[in-house]
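Within every chain, numbering begins at 1; the chains are lettered A, B, ... in the order of the sequence lines, protein sequences first and strands thereafter. Any value given below was found using the heavy atoms of this structure, including those in side chains, with hydrogens, waters and symmetry copies removed.
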There are 2 protein chains.
Amino acid sequence: MVDSRKSFKRESPDQRQDALIEATLSLIASGGPEVATVRNIAMEAGVTPGLIRHYFLTKEDLIGAAYERHMTTMRYATYATLERDLPSAVARLATLVTASVTPPVADPRALALWAGFIQSVQRDTAMRAIHEKTYFQFRDQLQVLIGEAFIEVGQPKNKADLRRFAIACNAVLDGLWLEGSALPNSFKAGELSAIGISSVGAILGLKLEV
Amino acid sequence: MVDSRKSFKRESPDQRQDALIEATLSLIASGGPEVATVRNIAMEAGVTPGLIRHYFLTKEDLIGAAYERHMTTMRYATYATLERDLPSAVARLATLVTASVTPPVADPRALALWAGFIQSVQRDTAMRAIHEKTYFQFRDQLQVLIGEAFIEVGQPKNKADLRRFAIACNAVLDGLWLEGSALPNSFKAGELSAIGISSVGAILGLKLEV
DNA sequence: GCACTTATTATACACTTGTATAATTTCAGA
DNA sequence: TCTGAAATTATACAAGTGTATAATAAGTGC
């Protein structure tokens, strides 16, 4: 038999790392963490298993990198809707609420990914650090937005109040995101969005509806 | 060597099944799903691995049974605080909020368990059915309580309104539960409880604070 | 006290896991 | 065109996985 090695193309470290991370996310999303084996990830990325250890010291490292990537992507997707400058902070807040509870942010795949990762947050220190970092990034961004909205309507708040508001509104968004992602067919179109807007509005004492 | 078999005591099927489920939950809570192997579960339950297949057709079946048990326990733990009859529905609502965001309901172990299971909800039909069932049970109970509170203050609401309120309040509780469970050290004592009560109060337009 | 059911243990198996190491191939620079 | 570094493949390994099957012990009813 002709023993022919697999022919391959040298890629830049960045591209390869990227491909491995994407392959990991794809597998966890569709089959859960237990499907994301070293061999499956390599196959998904069109590469042989050994290469993973060349780019990541351990499999855990790859998983961590994938987690951070996912959370960053989520945050981006949520706040991307604010890019096009909206007339007011209040309007931006409403847009943010809608973005949080509708696709692509609220999505079974995103939830599956998130759940796949969150379970390792408890025991893995590195994963917990990533979790804290991304969670606070998100909440702080929300807090800034809330602060701007209050200033806009001439009711500036102190930092302690803003913290409480941000925690509360973040909880609403998290909860609705969760429910919309887990049971996407149990809510009418726009229902979660409307509930989110009126709830956040009630909590802040602001009128968010147009 | 004396080849001595392990001596054992015959237990009733119910007790054994129960022990296996509890062992499974205990392992998943402390070490995540990947630690809940057939052999570890058996050891935790003080039994040999083969016995698992005698009570559960497959390991997946055991996991599913454990999930249902966990969710039921959570719901019980949440509503147990309402047993001792409180003066008013409004007071019961406030108690429920506090119970949802404090131990033992809000707890890293509970979150780890929940996350471990939620990921299988996407692809496993049986798991999704269990999830939907427990979710709606919880939300319906909340909806009843909210309805009673409105009647109490002389502002009865129709069913559509109550549905929206229940979804919103449930989201607040879910979100705060999530955050309190994932990052238990990031909030001051009673902080989440206070935020939950004022948020739910704001959403419903009711004063829940004593 | 004996037979019978079945709960329980013991053993075996085929397969998958993550990782370590050595052999190769690619590609850039001289 | 040749050389050297490193990207990539190939192979090996020890440990762990779920499951199937046979042997044994425990308790129940007679």
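Residues Thr78(B) and Ser100(B) have side chains that never bring a donor and an acceptor to within less than 3.5 angstrom of each other. Looking at Thr81(A) and Thr95(A), their side chains never bring a donor and an acceptor atom within 3.5 Å of each other. Neither side chain, Tyr79(A) nor Arg75(A), offers a donor N or O lying under 3.5 Å from an acceptor on the other. For Arg163(A) and Gln143(A), the side-chain atoms include no donor-acceptor pair closer than 3.5 Å.
Within residues 27-58 of chain A, the residues that have a heavy atom under 4.0 Å from DNA chain C are, in order of number, Thr37(A), Val38(A), Arg39(A), Arg53(A), Thr58(A).
Using a cut-off of 4.0 Å between Lys/Arg side-chain N and Asp/Glu carboxylate O, Glu148(B) and Arg92(B) are scored as salt-bridged. Ion pairing of Arg164(B) with Glu191(A) is absent here, as no side-chain N (NZ or NE/NH1/NH2) approaches a carboxylate O to less than 4.0 Å.
Rounded to an integer number of Å, the gap from CZ of Arg16(B) to C1' of dG27(D) is 13 Å.
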Between protein and nucleotides 24-26 of chain D, what N or O pairs are separated by less than 3.5 Å?
from	atom 1	to	atom 2	distance (Å)
dA26(D)	N3	Arg10(B)	NH1	2.5

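Taking the six-membered ring where the residue is Trp, His70(A) and Phe117(A) present tilted rings, their angle falling between 30° and 60°. Taking the six-membered ring for Trp and thresholds of 30 and 60 degrees, Phe150(B) and Phe165(B) have ring planes inclined between 30 and 60 degrees apart.
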